[in-house]
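Computed from heavy atoms alone, side chains included, the values below leave out hydrogens, waters and symmetry copies.
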Amino acid sequence: MFTADLAFEADFDGWRQAARAAYSRSVRPEDLAFTIAGAGETLFAEPLGPHDPDGPQPSVPKAFIDLARKLVCHADQDRFVFAYRLLWRLQSEKRLLDIASDPDVLRATEMEKAVRRDAHKMKAFVRFREIEAEDGARHYVAWFEPFHHIVEATAPFFARRFAGMVWTILTPERTAHWDGADLTFLPGASKEMRPDGDDMEALWLTYYASIFNPARLKVKAMTAEMPKKYWANMPETALVKPLVAGAEAAQRRMIETLPTLPSLRHERLQERQAMTLPQMEKTPAPGFNKVPDDLAEARDQASRCQACPLWEPATQTVFGKGPSDAPVIFVGEQPGDQEDIAGEPFVGPAGQVFDKALLAAGIDRSQAYVTNAVKHFKFTPRGKRRIHAKPNVGEIRACRWWLDLERELVKPKLIVALGASAAQGVLGKAVTIRDTRSKLIDLDVATKLLVTVHPSYILRLPDEAARVREQAAFEADMGLVLQTIPELALAA
């Protein structure tokens, strides 16, 4: 009986070296054992000597190398000997891995799947929380409990994904640490070392609650994909029970309030599409022979607008909302999925970020008029989901008549364009956020324009540190809004 010592629970390089040495000495699988450094010695076992260059050399297909990397990460205590047995058999059974019915191949396939599944769960369910480092720098820490020994194999994903962060992933067996340049592994940690929540958690919970769609709820599928084992380390799971409990009532409300699609005479639409751009921007939408006198009339006419093709797949027109004498108009790009269902602007995830920034700046949203450059939701179907699609120049121009009408009826002192599409809708030409952001631009003698980013831009940033910076910059722009229009201040 021979024994080989490995450095840690998933030491593939150590196993590979020991397997080559064992085969070169013709050690059969039943005569070989593996131990982990510091775990004690195997009784009555002789240490495996070094590789014998004069002995037989194993040869395996590339597919086996990839498979063995997964096998040594499995929690099975016999995994190292089992992987060596496959190597041993491959020397005389070259096509062994192609025999799907072979018991060893079946077992290896199931073990490989289990490891891949566990690595997927780690990538999906690790939640970093910010802690204050001794030097005052940002440091992000997460706690995770894998089923298998996957930390070394999976940690490089996080190093690529969060390359600009300093982070640590604590697990019971191994700790992965990334300092921004190097990935290192340390001994395991205890549950007592896991971090508490941070300031960004509230924003994440708001976003999670906002994207929850009761019409698509499948509890069994959800718990199968997100096992309860991981719930303790995921802040959003505290919302699951109340969201599920209210799903049926929420779905019923969605169905009851689902609007019907408008219909206008096709020939009037063709007339408008044949117009030149100046004619289109100065002419009421098709089917209307007078310019609305107030916002209520404008909203009613807009609900039947077919000035561009976006009306057909959308649920409804999402017109602006707010006081008719509001001192400021906030202009977004277009409604999103939830806005299209609710019929109101900025009620989805981007709306939550928008509200948070207004609150941080001390602005009362009820005193502002909020609208979009395009009034219908443009999307691309993907299965049961509707994925946001950016409106093109023609769609922005076709809808500009409504935006100009809102501006004329409200007569604001300030217009805030949230994103490049909104700025193009206001100005009638393309501008860059970089060149125009945070500057007060004179539109006319009574109205100024402020350009900033759209809140959804913050949500799309892949790096948490970047999201924190952009949220702060966005809140600073909202502070400039309040400085320009002091009457927007929240009541004391």
| Should K390 and Q334 be marked as a side chain to side chain contact (heavy atoms under 4.5 Å, CB included) after you check the CA-CA gap, both sets of side-chain angles, and the distance that decides it? | CA-CA 8 Å; K390 186 180 179 65; Q334 66 165 352; over 6 Å; no

| Under-4.0 Å salt bridge between D294 and R299 | no

| Between K356 and E475, is there a side-chain N and carboxylate O pair less than 4.0 Å apart? | yes

| task | Output yes when D300 and R304 qualify as a salt bridge under the 4.0 Å nitrogen-oxygen rule, no when they do not. | result | yes

| query | Do NZ/NE/NH1/NH2 and the carboxylate oxygens of K411 and D325 come within less than 4.0 Å? | reply | no

| query | Between E130 and R467, does at least one N-O distance fall below 4.0 Å, as a salt bridge requires? | reply | no

| said: Measuring centre to centre across the rings, with the benzene-like ring taken for any Trp, is F346 within less than 6.0 Å of H454? | reply: yes

| task | Answer with yes or no after comparing the ring centroid distance for Y457 and F474 against a 6.0 Å cut-off, counting only values under it. | result | no

| So V353 and Q471, side chain to side chain contact (heavy atoms under 4.5 Å, CB included) or not? Walk me through it. | CA-CA 8 Å; V353 176; Q471 180 72 27; 3.3 Å; yes

| said: Whether the H388 and E333 side chains hold a donor-acceptor pair (N or O, under 3.5 Å, no angle test) is what I'd like checked. | reply: yes

| query | Is any NZ, NE, NH1 or NH2 atom of the basic residue among K62 and D66 found under 4.0 Å from an Asp or Glu carboxylate oxygen of the other? | reply | yes

| field | Centroid-centroid distance, F354 to F330, less than 6.0 Å | value | yes

| remark: From the list E406, Q316, E395, side-chain hydrogen bond (donor to acceptor under 3.5 Å, both in side chains) with K375 holds only for E406

| request: Please work out whether the ring planes of W178 and W167 are parallel, tilted or perpendicular, with thresholds of 30° and 60°. | output: parallel

| query | Taking 4.0 angstrom as the limit, do R385 and D337 come out as a salt bridge? | reply | no

